[in-house]
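See structure below.
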There are 2 protein chains.
Amino acid sequence: MHSADAVETIQREMTVFARRARAAAGRMHPELSLVSYTLLGHLEESGGCRATDLAAHYALDKSTVSRQVAGLESAGLIERRPDPADQRVQVLHLTRSGRDILSQVTESRRAAFRERLAGWPAEDLNRFAEYLVRYNA
Amino acid sequence: MHSADAVETIQREMTVFARRARAAAGRMHPELSLVSYTLLGHLEESGGCRATDLAAHYALDKSTVSRQVAGLESAGLIERRPDPADQRVQVLHLTRSGRDILSQVTESRRAAFRERLAGWPAEDLNRFAEYLVRYNA
DNA sequence: GTCAACTGGTTGGGTTGTGCAACCATGGGA
DNA sequence: TCCCATGGTTGCACAACCCAACCAGTTGAC
């Protein structure tokens, strides 16, 4: 396979995957879209951050994040805490309920992926994950 | 890395990629969205097929494909040919203009990818592409 | 042959995710 | 003190979806 063909394939397959993932996520967990899930995951990992940080990390417009955050807050999954050092800032944190839902969804996603990737050697999985991280870096 | 973590990472990174790809595609070629581009590419590769085939392959609703196709046709990029064997069917084909635009967009995408993936060994590129195909199969 | 069930495609209606631009409030220097 | 930068919200528009209802051919059972 030529390099040009390889990147062509990568682009196409990623697109297919992305669309399927979104649809599948919606079917599995109507209450938590793929985007919301991703944001919650980031909050858990980072231990709380600002909306602006989320926007920067996911290359989203701040208005988009603002609305997502509003939705997550009104669903009781996250809360906004004032930053004593800067009155403009709201630090976002998972609530107890947010943490619960997140871990529950994560578990069922994991099960689905595990089934899907069942035949893959661990080495391939790790390499695949590594490629993706490297690409997005 | 544990397998569970690997699939977690795969899922997250794919999502990030998908969003960026869509936005980048829109910025580079406002006249041809990522979806349209993908559909045109499929038509070129398959040498013409039905709207239903596109829907099945990309896991899209037939109404979505119908509207995409309508857009591409009115832009003069594809044409519908009747199927003599079945009056219900419209076989979709690229027009001359569609082929031109497609190859032009493909070329500039390829350049962007090439730059982005410049540091990657060919072996990694091929393996990455292969993983994606295997995953989506 | 006729009628029901199926298939390919379109259309109406609604939801979601997104960006851009305009705006407000706070913060931090010249 | 002013001016500009930064964090965030809101109005507006748009693209990409899906679902349900529909129309028009096709096919098979009777």
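Chain letters run A, B, ... following the sequence lines, proteins first, then strands; residues in each count from 1. Here the structure is a predicted model, which is why all the values come from computation and not from measurement.
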In whole Å, what is the span from the CG atom of B/Leu39 to the C1' atom of D/dC17?
13 Å

Examine D/dG8: is either OP1 or OP2 under 4.0 Å from a nitrogen or oxygen in the side chain of A/Arg88? Give yes or no.
no

For A/Ser63 and A/Ser66, which I'm curious about, is there any donor-acceptor pair between the side chains at under 3.5 Å?
no

Closest to the B/Val35 side chain, choosing from C/dT10, D/dC17, C/dA22
D/dC17

So what does A/Ala59 touch, heavy atoms closer than 4.0 Å: a base, only the sugar-phosphate, or nothing?
sugar-phosphate

Could you check whether the side chain of A/Ser63 and the base of C/dC20 have a donor-acceptor pair of N or O atoms closer than 3.5 Å, going by distance alone?
yes

Return the value, rounded to whole Å, for the distance between atom OH of A/Tyr58 and atom C1' of C/dG17.
16 Å

Is there a side-chain contact between B/His57 and B/His42 (heavy atoms, below 4.5 Å)?
yes

Does any non-hydrogen side-chain atom of B/Val35 lie less than 4.5 Å from one of B/Gln68?
yes

Between B/Ser33 and B/Ser36: side-chain donor-acceptor atoms closer than 3.5 Å:
yes

So what does B/Asp61 hit on the nucleic acid, given a heavy-atom distance under 4.0 Å: a base, only sugar-phosphate, or nothing?
base

Ignoring hydrogens and angles, are the base of C/dG12 and the side chain of B/Arg67 linked by a donor-acceptor pair under 3.5 Å?
yes

Whole angstrom is fine here: how far is it from CG in B/Leu60 over to P in C/dG9?
14 Å

Taking only side-chain N and O atoms of A/Arg80, does any of them lie within less than 4.0 angstrom of OP1 or OP2 on D/dT9?
yes

What is the distance, rounded to the nearest whole Å, between atom CD of A/Gln68 and atom C1' of D/dT10?
16 Å

Whole-Å distance, A/Asp83 CG to D/dT6 P, equals 17 Å

What pair of heavy atoms forms the shortest contact from B/Pro121 to A/Arg134, and how long is it?
CD-NH1, 4.3 Å

Check this one for me: any side-chain N or O of A/Thr52 less than 4.0 Å away from OP1 or OP2 of D/dG8?
yes

Within the structure, does a side-chain N or O atom of B/Gln87 lie under 4.0 Å from either OP1 or OP2 of D/dA24?
no

Closest nucleotide among C/dA22, C/dT11, C/dG8 to the B/Lys62 side chain
C/dG8

May I ask you to evaluate whether B/Thr64 reaches the phosphate of D/dC17, defined as a side-chain N or O under 4.0 Å from OP1 or OP2?
no

DNA chain C: A/Asp86 or B/Ser66, which has the more 5' nearest nucleotide?
B/Ser66

Protein-nucleotide distance (B/Arg50, atom CZ; C/dC6, atom C1'), rounded to Å
13 Å

Heavy-atom side-chain proximity of B/Leu77 to B/Leu32 below 4.5 angstrom
yes

Where the side chain of B/Ala51 is concerned, which of C/dG17, D/dC19, C/dG9 is the nearest nucleotide?
C/dG9

Given D/dC18, D/dA16, C/dG9, the nucleotide with the shortest approach to the side chain of B/Ser33
D/dA16

Phosphate-side-chain proximity, A/Gln90 and D/dG7, N/O vs OP1/OP2 below 4.0 Å:
no

Roughly how many Å is it from CG in B/Leu54 to C1' in D/dC17, rounded to a whole number?
16 Å

